Amino acid sequence: MAVHYLVRPLDPAAHLFEVELTVDAPDPRGQALRLPAWIPGSYMIREFARHIVTINARDDVGAVPLARGGKDTWIAGPCEGPLRVRATVYAWDLSVRAAHLDETHGFFNGTSLLLCAIGHEHGPHRLTLSLDHPTTTGWRVATTLPRVEGLPWGPGTFEAADYDQLIDHPFELGTFAHASFTACGVHHDVVVTGVIHADLDRLCRDLAPICEAQIRLFGERPPFDTYLFMVMAVGDGYGGLEHRDSTALICKRGDLPQPGVAEITDEYRSFLGLCSHEYFHAWNVKRLKPAVFVPYDLWREGHTSLLWAFEGVTSYYDDLGLVRSGVIDPASYYELLGRTVTQVLRMPGQHVESLDTASYDAWTKYYRQDENFPNAHVSYYTKGALVGLCLDLLLRDATDERCSLDAVWQALWARWGDGSGVPEDGVEATALALAPDHADTLRAFFDGAIRGTAELPLASALRAVGLRLNLRPATGDKDAGGKPGGKDTRPGQGDLGVKVGAGGRLAQVYTGGAAHLAGLSAGDQLIAMDDLKVDDASLTRRVRALPPDTTVRLHVFRRDELRAFNAVLQPPPATTAWIDEDPDASPEAVARRERWLRPTKA
Ligand code: ZN
């Protein structure tokens, strides 16, 4: 085997993995070895090499010198015969993006542990996982990397066709809970690590139809033989990372379905949405991907203006998959849509930054958000999802349902699903080719929604399927939208235009709001309003008790300096959205809505 890794938990208490890499035919003048700077799917330079604690090399004769070739590069040589490089790697990042090891479990992505032998990356790679530390007695192994040796769920040897495949199959090691289900004839596993009291049979019953809805969108046969959901359940956490045959997820314990609870709680619905999202990525971004990711340059940023299509459209289909599968009802789906609209409307930056720019700059903007993010930037996830919604409903309406976003993504899949890479203009060109009679309308939509900052035609898109977009002010700090608001809606009350963080510190000051116009800044420590002490709990209540146009005197500490500002309260912005069915919708619009939400029954 050209490149062979031996991975073992070396010292779980010190969070150290040991990795021994053997290169059979190293470059005799000096074999370069590099650890990736980022992990595909998470667009930020993370410099995983900083976690390498020790590293040394030897060949058949003895020790081989290791020269440095940069922050993530070692050059071993000269050497004779096979080269062996041994490294210890610190693994104490409890996220889906890196590696983690303690006495309860181990998790790793190849990008954190497996040095790339430059020049050999296109050849086969083997990985032998050994569990010989006493702490790991009884541990099992979950991964989708193809196994060539050892019993299922045990340690053994695994093989990848190349380095790109090797690093796309994370490993979970431990005493996880395990359940499985079948979707469209394909075997799916779920493993859950952590202290949990959850109904995994229920989870499988709900995941199966969601997976089937996504499989049917692209065709009966999914592009993998089996699929694995690997879940880490913790006290507080949320996130996922997509891989070609699996996903790594982190969630709160309470997000998982609890035994004896029949309803789908908000938390469980979010978790199902996360599963649906990462699963959809098995098509959209893992195989159908921007051309700039073919191949991935794992050592520098890969800029694409298409993340709105790969993350935003995936976000559109994640919740849509929940209702199309019948796991949630349409009313529950409208609530999710209303919340997404609310998130976008509450960001002034949607009028400043276009989606193609937000996509291109994800590395330095979305992934490195500061206090000004909502004023200057837009999320290609949430606004991208709404672009997907608008494009879908407008296409259905304009073409009498001969075309839809489903058809666009099916066409993209047919053309570039082989991994050859979607060009930067590929999504728009595909939509135009499918609806040539509406080319001008589509071009104008892309100009405004993707390349510009025009208001999205949400209300008219929803009207085409007999739905109404309703807007109202927020009822309080915890109001995420999606619901009518009920008795707590008190429009006409004062608003300061801030988000207050812990201890009364201003986390965000929104452009154009009362606080901004008065001169307040994010980071200011609010201490008094109208000469009376305020804290984060009382501020919103007291501001809401006053009518708009009231002038309030605010005392803050900016750094260690006391400052006073006079702010004129504004009416609360009607940026909280909820969506409902229009009782006066035409029968045609209602029928269209049913075909949109239940395509398999159409
Ligand atoms: Zn995603």
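Note that the numbering runs from 1 along the sequence shown for the chain. Computed from a predicted model, the values in this text were never measured in an experiment.
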Listed pairs under 3.5 Å, donor-acceptor, residues 438-446 side chains, sequence neighbours left out:
| unit_1 | atom_1 | unit_2 | atom_2 | d |
| --- | --- | --- | --- | --- |
| His438 | NE2 | Ala398 | O | 3.1 |
| Asp440 | OD1 | Arg443 | NH1 | 3.3 |

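Between Asp479 and Arg472 there is a salt bridge, with a side-chain nitrogen of the basic residue lying less than 4.0 Å from a carboxylate oxygen of the acidic one. Classification of Lys383 and Glu353 as a salt-bridged pair fails, no side-chain N sitting under 4.0 Å from a carboxylate O. We find that Asp524 and Arg559 are not joined by a salt bridge, their nearest charged nitrogen and carboxylate oxygen being 4.0 Å or further apart. Checked for salt-bridge contact, Arg463 and Asp397 miss the test: no charged N lies under 4.0 Å from a carboxylate O. Asp236 has a carboxylate O that lies under 4.0 Å from a charged side-chain N of Lys252, or vice versa, which qualifies the two as a salt bridge. In this structure, Arg287 pairs ionically with Asp245, as a charged nitrogen and a carboxylate oxygen lie closer than 4.0 Å. Glu335 and Arg339 are joined by a salt bridge, as a carboxylate oxygen and a charged side-chain nitrogen come within less than 4.0 angstrom of each other.
Scored by the side-chain contact (heavy atoms from CB on, under 4.5 Å) test, Gln165 finds Pro146, Ala160, Ala161, Asp162, His169, Arg244 as partners (sequence neighbours excluded).
The backbone N or O of Leu322 lies less than 3.5 Å from a partner atom in the side chain of Ser325, making a donor-acceptor pair. At least one donor-acceptor pair closer than 3.5 Å links the side chain of Arg324 to the backbone N or O of Trp596. A donor-acceptor pair is defined here as one N or O able to donate and one able to accept, closer than 3.5 Å; such a pair exists between the side chain of Thr399 and the backbone of Cys403.
Taking the six-membered ring wherever Trp is involved, the centroid distance between the rings of Tyr279 and Phe224 falls below 6.0 Å. The ring of Tyr366 has its center no closer than 6.0 angstrom to the ring center of Tyr43.
By the 30° and 60° cut-offs, the orientation of the rings of His277 relative to His281 is perpendicular. Between Tyr296 and Phe293, the two ring planes are tilted [angle within 30° to 60°].
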